[in-house]
Amino acid sequence: MHDLRMVREHIDALRAGMRRRGANDALSTIDRAAELDKWRRETIQAVEERKAARNAISQQVGQRKRGGEAADDLQQQSRALGEEIARLDQELAKVESQLSSILLELPNITLDQVPAGGEENNSVVRSWGTPREGARVQPHWEIGTRLGLIDFERGAKISGSGFIVFRGLGARLVRSLMNLMLDVHTGDHSYEEIWVPVVVNRTSMTGTAQLPKFEEDMYALKDEDLFLIPTAEVPLTNLYRDEILAEGDLPKSFTAYSACFRREAGAAGKDTRGLLRVHEFDKIELVRYTTPETSGEQLELLTGHAEKILQLLELPYRVVRLASGDTGFASAHTYDLESYAPGVGKWLEVSSCSNFTDFQARRANIRYKPTEGGKPRFVHTLNGSGLAFPRIIASLLEHHQQEDGSVRVPAALSKYLGAERLS
RNA sequence: GGACAGGUGGCCGAGUGGUUGAAGGCACCGGUCUCGAAAACCGGCAUACCGGUGAACCCGGUAUCGAGAGUUCGAAUCUCUCCCUGUCCGCCA
């Protein structure tokens, strides 16, 4: 969320930011916000003037009554003022709620190093490993089914398409990935491990900016105003909602495993086979809270932490800097990590690492008190997947597939899995 | 799910419908004292918004005592609804 002051004092920068994203529909709402803000300030002046008058009268009434005098005339005046105040306050409330909906639906402005334009302007900033030639590699759904690791049909029967049953060594593979990633992040990268609720309230969803704009993408509970999380980012970033941290406590870093739930409402018909796009999946998430001065370097650090997992899994990947128009709503700078899956012949997005600057912190009201004193400031929040399981499993099954149809398990993982080969 | 008891400033904790933004204490900041520190003493110490010249300082105003609505000239204080916390009971992995 942007500060209303952006609209008032830096409207050109705001407009430029929207244009760089290609969010041209936002330009007119910004103008609308500027008008509403002007009206709002005028009305505040009018209403506060009346409130001041009423307060003064009420004091006089009090004085008279204590002296045993009547004050009917003053009470009459005050009542009249009260009616005007009620009317103005009501209009004001309406305008302020319009203003806040506008602010809540404007995306973040991307940082300078993010190129303008859409997906076509994404750029690979580095890569690791060599993608394997895919001519003789089966897609993961065939391997997974053949080896008895994944039961797509029964998943669909129990829940619907896009819900996956892992079984036997496949189930153990999921558990192994969870343990490997959490151990690396808590041990080597010093994150605090958190276990989070996967059901959260509307305020939390609004804090991280899934709401109000993307409500149709969320699974919602029927009888209560609660949602299934699409990522552990939501509970982790809301951990310190409405709190003030000490600068000395920053950066704070958290990691959590969670199940994630996505309706994929806008993606019907895309990636329907296999593990590429599912409604429920597992993921390890990384979240960091930092000062504004350090969030840039902290994004590099966090991205490196996610990359480390891909290296341990011996999976070739590339790091892609997203162009402004492809960057998520709340993010100011995003790197996607893409792992190559030779069986399906695609680079799979297995992690998305973002610096949200103060965009989420302002919504969730997460601040810190500077060491040198002064008013609390908003923290910067960052997060990244470290990593998402289904596409990693797809990549593992395809990239490490052997001539004999079995799958080699990388050393870092076999320790957890208790097997060096899936066959 | 039922029955009680509560929700006040960074924390603890007073508060009779009328200078209560809110006593007192703790914490914190500045000062006196001290070789230095502690103790003691003195002083300061909420936030947001609107306005006053652009920034700073400052000044004026408005709002905020879990949230919202109501009663009243006037609400932390009275009424209603909701949320949360605690205790007990029931149910349950």
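Numbers restart at 1 for each chain; the letters A, B, ... are given by sequence-line order, proteins then strands. This one's a predicted model, so the numbers in the text were calculated from it and none came from an experiment.
- Base pairing analysis places B:G9 opposite nothing; no Watson-Crick or G-U wobble pair with both distances below 3.5 Å involves it.
- The base of B:G61 is paired with the side chain of A:Glu48 by a donor and an acceptor separated by under 3.5 Å.
- For A:His2 and A:Phe359, the gap between ring centers is short of 6.0 Å.
- In this structure B:C41 sits in a base pair with B:G31, meeting the Watson-Crick or G-U test at under 3.5 Å.
- Remark: the separation of the P atoms in B:C83 and B:A67 is 15 Å, to the nearest Å.
- A 3.5 Å limit on both hydrogen-bonding distances identifies no Watson-Crick or G-U partner for B:A75.
- Spacing between B:C80 and B:G90 at atom C1', rounded to whole Å, works out to 29 Å.
- With hydrogens and angles ignored, the 3.5 Å screen pairs a side-chain donor or acceptor of A:Arg362 with a backbone N or O of A:Met1.
- Across the strands present, B:C82 finds its partner in B:G66; the criterion is a Watson-Crick or G-U wobble pair with both atom distances under 3.5 angstrom.
- Taking atom P in both B:C12 and B:A5, one finds a spacing of 22 Å when rounded to whole Å.
- When heavy atoms are screened at a 4.0 angstrom cut-off, A:Asn55 is found touching the sugar-phosphate backbone but no base atom.
- Among the nucleotides B:C50, B:G18, B:G61, the one closest to any side-chain atom of A:Ala52 is B:G61.
- Ring centroids of A:Tyr368 and A:Tyr289 are separated by 6.0 Å or more, keeping the two rings apart.
- The side chain of A:Lys51 lies closest to B:U62 when the candidates are B:C49, B:C73, B:U62.
- Nucleotide B:U20 forms no Watson-Crick or G-U wobble pair with any nucleotide shown, as no partner meets the under 3.5 Å limit on both distances.
- Across all strands shown, A:Lys65 has heavy atoms under 4.0 Å from base atoms, whether or not it also approaches the sugar-phosphate.
- Here the separation of B:C73 from B:G17, taken at their C1' atoms, is 12 Å to the nearest Å.
- Within 4.0 Å of A:Arg8, counting heavy atoms only, lie sugar-phosphate atoms of the nucleic acid but no base atom.
- The aromatic rings of A:His189 and A:His305 lie parallel to each other, their planes meeting at an angle below 30°, with 60° marking the opposite boundary.
- The CZ atom of A:Arg241 sits 14 Å away from the C1' atom of B:G66 (whole-angstrom rounding).
- Both distances falling under 3.5 Å, in either a Watson-Crick or a G-U wobble arrangement, place B:G60 opposite B:C50.
- Both A:Asp37 and A:Gly82 sit near RNA chain B, but only A:Asp37 has its closest nucleotide nearer the 5' end.
- Counted by atom type alone, A:Arg79 and A:Gln76 present one or more donor-acceptor pairs between their side chains at under 3.5 Å.
- In this structure, the CD atom of A:Glu96 is 17 Å from the P atom of B:U62, given to the nearest Å.
- Across all strands shown, B:G36 has no partner, as no Watson-Crick or G-U wobble contact with both distances under 3.5 Å is found.
- Atom CD in A:Gln60 sits roughly 15 Å away from atom P in B:G74 (whole-Å rounding).
- Nucleotides B:U8 and B:U71, compared at atom P, are 27 Å apart to the nearest Å.
- For the pair A:Arg54 CZ and B:A63 C1', the computed distance is 11 Å after rounding to whole Å.
- Separating the CG atom of A:Leu92 from the P atom of B:A63 is a distance of 13 Å, rounded to the nearest angstrom.
- Listed for the A:Ser414 side chain is a donor-acceptor partner under 3.5 Å among the backbone atoms of A:Ala411.
- For B:U72, neither phosphate oxygen OP1 nor OP2 lies less than 4.0 angstrom from any side-chain nitrogen or oxygen of A:Arg79.
- Shown here, B:A93 forms no base pair; nothing in the strands shown gives a Watson-Crick or G-U wobble contact with both key distances under 3.5 Å.
- In this model, the phosphate group of B:C49 is approached by a side-chain N or O of A:Arg5 to a distance below 4.0 Å at OP1 or OP2.
- In terms of position on RNA chain B, the residue among A:Leu4 and A:Ile244 whose nearest nucleotide sits closer to the 5' end is A:Ile244.
- One atom, CG of A:Leu88, and another, P of B:G61, lie 20 Å apart when rounded to the nearest Å.
- B:C78 and B:C89 have their P atoms separated by 31 Å, with the value rounded to a whole Å.
- Look at the C1' atom in both B:A93 and B:G13: the space between them is 41 Å, to the nearest Å.
- The residue A:Leu74 sits apart from the nucleic acid: no heavy atom pair falls under 4.0 Å.
- Straight-line distance between the C1' atoms of B:U16 and B:A3: roughly 31 Å, to the nearest whole Å.
- When rounded to the nearest whole Å, the span between CG of A:Asp242 and P of B:C83 equals 19 Å.
- Within 4.0 Å of A:Arg367, counting heavy atoms only, lies no atom of the nucleic acid at all.
- Under 4.0 Å is where a charged nitrogen must lie from a carboxylate oxygen, and between A:Asp31 and A:Arg15 at least one such pair does.
- Considering only side-chain N and O atoms, A:Arg40 lies under 4.0 angstrom from the phosphate OP1 or OP2 of B:C50.
- Atom CD of A:Gln77 and atom P of B:G74 are 13 Å apart (whole Å).
- A:Tyr191 carries A:Arg288 over the face of its six-membered ring, with the cationic atom under 6.0 Å from the centre and within 45° of the normal.
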